[in-house]
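Working notes for the structure below.
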Amino acid sequence: MNIPVIQESARNPAQAVIDEICPAGEPWVRTLKRGQTFRIVDLEGNQAVDTLFFSAEDPLERYSAADTIRIQRQLYLGNGSILYSNFGNAMLTIVADTCGRHDTLGGACSAESNTTRYALEKYPMHSCRDNFLHALAHEADCERIGLSKRDLSSNINFFMNVPVTEAGGLEFVDGISAPGKYVEMRAEMAVLVLISNCPQLNNPCNAYNPTPIRLLVWDPQ
C-alpha cells in the first residue's frame with residue numbers, strides 16, 4: 001500500500017482555457033490535447049468522481065486498471081502515478097495531488113449494485129453507469145470516435161477511499177478528501193475524458209449528499 005504524497009500545483013486557475021462546474025450527479029465529457037493539464041477539484045469534500053479515459057485517436061485504446069496496477073505495483077493512484085492504457089501506453093501522469101489517494105478497484109455504481117449493496121427498491125435510482133451510458137449516447141465527442149455502451153470498462157474513482165482488507169475484500173469507507181482538494185494530470189496523448197460526478201445517495205462516505213466539482217484545463221506552458 002502506497003503512502004499518500006501531497007504535491008500542490010503552481011498553475012493559476014485564471015490562465016486555464018477551460019474552467020467549468022459539473023453539477024452533482026451529472027456527466028461531463030471533454031477531449032484533451034497531448035500536453036494539456038487537467039485538474040479535478042473536490043469542491044465540498046469526499047465527492048467520488050468516476051472517470052474513464054479513451055484515446056481520442058483510437059477508441060480501442062482506453063484506460064486499463066489492470067495494466068496501471070500491474071506496471072506500477074500499486075493499488076492506489078497519487079502524485080507521480082501514470083495511468084496506462086490496455087495497449088501498455090502512458091495516457092496521463094498525475095503531476096499534482098492534494099488528496100493523496102484515489103481508488104482503482106471500486107468501480108461505478110449501477111442499478112444492479114445499488115440493489116445488491118443497499119436494497120431492492122434502490123434499483124430505479126440514478127447511477128454512474130446511467131451517466132456513462134447517457135454521455136456515450138448523446139455527447140458529440142463520444143459519437144465522433146464511435147464509442148458506445150460496449151466500451152464501458154473499469155473506471156477510476158477520484159477522491160474515493162476503498163481499502164483492501166487482509167482477506168482480499170473491499171471496504172467503502174470515509175474518504176480522506178476535503179473541500180478544495182484536487183488532482184491534476186498531464187495528458188501524454190490526446191484523450192477523451194468521460195466523468196460521472198457520482199449521484200450516489202446511499203453511501204455515507206459523501207454524507208448522503210452528492211456535490212459539484214470544478215474542472216480546469218491548461219495548455220502546455
Working to the nearest 0.5 Å, report the span between [atom1] of [X] and [atom2] of [Y].
X	Y	atom1	atom2	answer
Glu188	Gln36	CD	CD	12.5 Å
Tyr182	Ser9	OH	OG	5.0 Å
Ile18	Arg214	CD1	CZ	13.0 Å
Ser64	Met91	OG	CE	10.0 Å
Tyr84	Tyr63	OH	OH	12.0 Å
Asp141	Thr31	CG	OG1	3.5 Å

For a quick test of reading the model, state the closest non-hydrogen atom pair linking [X] to [Y] and the distance between them.
X	Y	value
Asp42	Gly45	OD1-N, 3.1 Å
Asp103	Asn157	OD2-ND2, 2.8 Å
Arg11	Pro13	O-CD, 3.5 Å
Thr37	Glu184	CG2-CG, 3.3 Å
Gln47	Cys198	NE2-O, 2.9 Å
Met189	Ala90	CE-O, 3.5 Å

Phe159 ring center near His102 ring center (under 6.0 Å) = yes

is_close_aromatic(Phe132, Trp28), centroid dist under 6.0 Å | no

Just checking, is any N or O donor in the side chain of [X] or [Y] under 3.5 Å from an acceptor N or O on the other one?
X	Y	result
Ser81	Gln74	no
Asn131	Ser196	yes
Asp97	Asn79	no
Asn86	Glu61	no
Asp130	Ser127	yes

[X] side chain near [Y] side chain, heavy-atom distance below 4.5 Å:
X	Y	answer
Phe158	Ile195	no
Arg129	Cys109	no
Leu105	Val164	yes
Arg101	Asn161	yes
Arg70	Thr68	no
Ile94	Leu83	yes
Val29	Leu192	yes
Cys22	Pro212	no

Begin with the C-alpha distance, continue with both residues' side-chain angles, and end with the deciding distance and a verdict on side chain to side chain contact (heavy atoms under 4.5 Å, CB included) for Arg30 and Glu20.
-> CA-CA 11 Å; Arg30 289 293 182 278; Glu20 299 179 358; 2.6 Å; yes

Can any side-chain N or O of [X] pair as donor or acceptor with the backbone N or O of [Y] at less than 3.5 Å?
X	Y	value
Gln72	Ile82	yes
Ser85	Phe87	yes
Asn197	Thr211	yes
Thr51	Val49	yes

Would [X] and [Y] show up in the same hydrophobic cluster when neighbours are defined by side-chain heavy atoms closer than 4.5 Å?
X	Y	result
Phe53	Leu136	no
Val17	Ile21	no
Ile40	Leu216	no
Val193	Val95	no

Between Phe54 and Arg62, is there a cation-pi geometry (under 6.0 Å to ring centre, at most 45° from the normal)?
-> no

Before giving the answer on side chain to side chain contact (heavy atoms under 4.5 Å, CB included), spell out for Phe38 and Val191 the whole-Å C-alpha distance, their side-chain angles and the decisive distance to 0.1 Å.
-> CA-CA 11 Å; Phe38 172 51; Val191 295; over 6 Å; no

Verify the neighbour count for atom CZ of Arg144: are there more than 12 heavy atoms of other residues, nucleotides or ligands below 6.0 Å?
-> yes

Decide if atom CD of Glu8 counts as having more than 12 heavy atoms of other residues, nucleotides or ligands within a radius under 6.0 Å.
-> no

